[in-house]
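Input: a single structure, listed below in structure tokens.
Within every chain, numbering begins at 1; the chains are lettered A, B, ... in the order of the sequence lines, protein sequences first and strands thereafter.
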Protein chains: 2
Amino acid sequence: MPTIYEVAAAAGVSPATVSRVFNGANVSAEKAEAVRKAAKALAFTPSRTARTLRLQSSEVIALVIPDIENPFFTALARGVEDVARAAGYSVVLCNTDEDHEKELRYLDIALSATMAGVIIAAAGGNSDLSGLLARKCPVVAVDRSPHGVDVDAVIVDNRAGGRAATQALVEQGFQRIACITGPSDVETATQRADGWRDAVTGGRAAEADDRYLRYADFRVDGGAAAMSDLLAMPEPPDAVFVANNLMSVGALRVLSEQGKLPPATGVAVFGDLPFLPLVPIPITVVHMPARHLGTTAAKLLLERINGDDQPARTIVLRNQLTPVG
Amino acid sequence: MPTIYEVAAAAGVSPATVSRVFNGANVSAEKAEAVRKAAKALAFTPSRTARTLRLQSSEVIALVIPDIENPFFTALARGVEDVARAAGYSVVLCNTDEDHEKELRYLDIALSATMAGVIIAAAGGNSDLSGLLARKCPVVAVDRSPHGVDVDAVIVDNRAGGRAATQALVEQGFQRIACITGPSDVETATQRADGWRDAVTGGRAAEADDRYLRYADFRVDGGAAAMSDLLAMPEPPDAVFVANNLMSVGALRVLSEQGKLPPATGVAVFGDLPFLPLVPIPITVVHMPARHLGTTAAKLLLERINGDDQPARTIVLRNQLTPVG
DNA sequence: ACCCTGTCAGAAATCGATTTCACCGTCAAG
DNA sequence: CTTGACGGTGAAATCGATTTCTGACAGGGT
């Protein structure tokens with residue numbers, strides 16, 4: 001790796017001048033030309049590390065997500081990426097696997113590498129953003145807003161979505177509507193379950209319908225296990241609201257195995273499965289604007305990076321109910 | 001961000017001693033204790049940037065992939081991640097979107113941030129790894145081995161897989177077997193098509209069967225467009241070999257729309273669709289060991305990082321043919 | 001003539017951690 | 001009693017780019 005000093009020597013100028021050439025300061029035309037030629041000849045690339053150390057900030061933003069194998073989060077990542085790179089920033093993806101330890105490690109890296117900012121879909125429960133906030137590192141929460149800390153957030157109305165999805169099942173005439181949701185320490189999971197509870201109890205007081213509620217892990221196998229469990233009940237449900245996309249794959253798989261696919265069983269899902277709609281199975285889907293969540297979060301973050309310090313905002317995007325199949 | 005100097009001052013020692021405490025060198029018990037206490041009190045985290053600058057290397061490896069929304073690559077990423085973090089490395093994901101410019105930019109970053117190494121599934125055509133190689137930055141190619149450069153590679157036997165998949169269709173009695181493959185400048189695409197050609201021509205000389213060959217883009221919509229195109233032929237194919245997972249989604253979607261789903265049409269796919277097998281559609285799948293590709297590539301890279309400099313190796317993993325549905 | 005302003009460019013300080021070098025004790029071997 | 005080895009420590013150099021400070025020089029106004 002050639003350095004700025006070698007370029008300077010080759011061009012017969014000082015390192016300061018080389019730096020100025022690359023940063024658009026006042027340099028005479030001849031020297032600028034000489035520097036550019038020397039730089040090309042040496043295949044010089046300025047060291048980002050040195051630059052970051054000196055400037056105490058880089059043009060990299062960290063995107064911290066809990067499950068890289070979930071298409072929802074990858075679509076969201078694309079949204080973040082599009083906006084970020086248009087503004088000259090690079091995005092590095094960090095997969096926490098819903099694990100607080102991994103999450104903390106990545107946040108630590110973001111901080112000690114003085115990244116420009118962090119967009120985070122927090123792993124379950126109480127993510128520790130105190131380090132970032134104490135150092136005034138710009139943070140935007142997306143999809144899930146971490147417990148108790150006051151940061152910009154871009155979310156959807158999980159309760160309303162859960163309610164609408166469940167309501168659709170009610171209107172289709174199903175009687176015993178179960179709910180498979182995510183970990184009880186993940187906000188989106190409990191809120192979607194709340195929406196389900198709203199709809200099944202209707203105006204009436206809540207009965208003991210939590211018999212039909214299952215907490216799983218937002219993953220395929222968890223959804224399958226919960227579905228099996230529900231179907232094994234003495235009085236099994238005749239419909240199910242599944243609180244995320246991956247779990248619905250597991251649930252449908254089990255229903256398929258037991259010959260109870262829709263329309264025999266009512267199914268409503270929170271979130272899209274981009275690779276699902278091959279075959280006409282009549283299910284209800286609450287569409288998640290994944291990419292928009294990402295672009296919006298990225299825009300907020302860029303504003304913060306550029307010095308905006310108004311009080312934290314929460315942006316709630318709409319999600320649409322669409323029957324599929 | 002407190003620095004090592006502030007910790008040193010608080011603990012009443014020199015910065016050198018603080019560094020030694022954190023790097024396991026010889027320090028007396030009392031001083032070590034004092035340093036640790038001061039560091040805790042100040043919430044000190046050593047600056048990775050400064051460390052990287054001084055050591056001229058970091059514990060971060062870059063994983064460069066062409067499509068983050070393809071489950072194959074995210075599974076591969078999980079494999080890389082597992083191995084890397086077990087060895088104390090962090091992984092940053094870089095999505096090139098099959099775009100050479102983006103790819104080059106990320107490789108440039110990897111270099112100028114002195115990352116420990118790069119694992120790359122090259123965007124189509126001739127990826128420029130010369131910068132990395134000139135600087136002796138460890139590189140491992142995965143899934144696709146870049147044109148002309150001699151680096152470690154972990155791949156599957158695309159031609160054999162394509163042949164086996166197509167052969168299965170032949171044995172099922174289909175007569176006019178089409179092929180939808182990826183961009184013609186992506187090695188895996190042409191190799192899989194070669195395998196298809198092997199099987200359809202059997203022992204005989206190749207006829208003009210390229211009428212049934214379509215180059216698409218390895219994405220859902222491209223697969224759909226190619227399938228539509230094929231079905232609009234005067235003598236449409238009665239079976240199709242689709243060279244990657246996402247395109248098969250598009251193809252199946254079109255077949256579904258036209259009421260020609262398997263078994264009416266024969267379908268064989270190169271690569272798994274984790275979210276596909278909900279409904280029993282009889283298709284043939286060439287299983288891709290995505291995660292294994294990732295773990296293997298990561299292991300090779302770690303060996304290189306640790307100084308192994310034997311000649312470049314190519315590891316070919318097996319892929320299994322499995323009928324599904 | 002004199003001063004002021006502005007442009008251009010180099011020397012040197014700076015960012016924060018690591019590491020070499022030098023030095024001081026202490027203890028064991030000769 | 002000397003020599004050497006070794007553990008412990010700090011001062012200072014180092015990694016590579018940026019930026020302040022400073023000075024040289026040119027041109028314009030009075």
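Judged by distance alone, the side chains of A:Arg105 and B:Ser90 do bring a donor and an acceptor atom under 3.5 Å apart.
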Nucleotide by nucleotide, nucleotides 15-26 of chain D touches protein heavy atoms under 4.0 Å in the pattern (B base, S sugar-phosphate only, - none) BBBBBB------

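Aromatic pair A:Phe72/A:Phe218: ring centres not closer than 6.0 Å.
In the displayed structure, A:Gln310 atom CD is contacted under 6.0 Å by more than 12 heavy atoms of other residues, nucleotides or ligands.
Between the side chain of B:Ser145 and the backbone N or O of B:Ala141, no donor-acceptor pair lies under 3.5 Å.
With sequence neighbours excluded, no residue forms a side-chain hydrogen bond (donor to acceptor under 3.5 Å, both in side chains) with B:Glu30. Evaluation of the salt bridge (charged side-chain N to carboxylate O under 4.0 Å, His left out) rule for A:Arg313 yields A:Asp152, A:Glu303 as partners, not counting sequence neighbours. The side-chain hydrogen bond (donor to acceptor under 3.5 Å, both in side chains) search around B:Ser19 returns B:Asn23, not counting sequence neighbours.
Taken over five-pair windows at either terminus, the axes of the helix from C:dA1-D:dT30 to C:dG30-D:dC1 are inclined to one another by 50° (rounded to 10 degrees).
Contacts with DNA chain C (heavy atom under 4.0 Å) in residues 31-42 of chain A: A:Lys31, listed by number.
No side-chain heavy atom of A:Leu63 sits under 4.5 Å from any side-chain heavy atom of A:Ile61. A:Phe73 places none of its side-chain heavy atoms less than 4.5 Å from the side chain of A:Asn95. A heavy-atom distance below 4.5 Å is found between the side chains of A:Leu111 and B:Met1.
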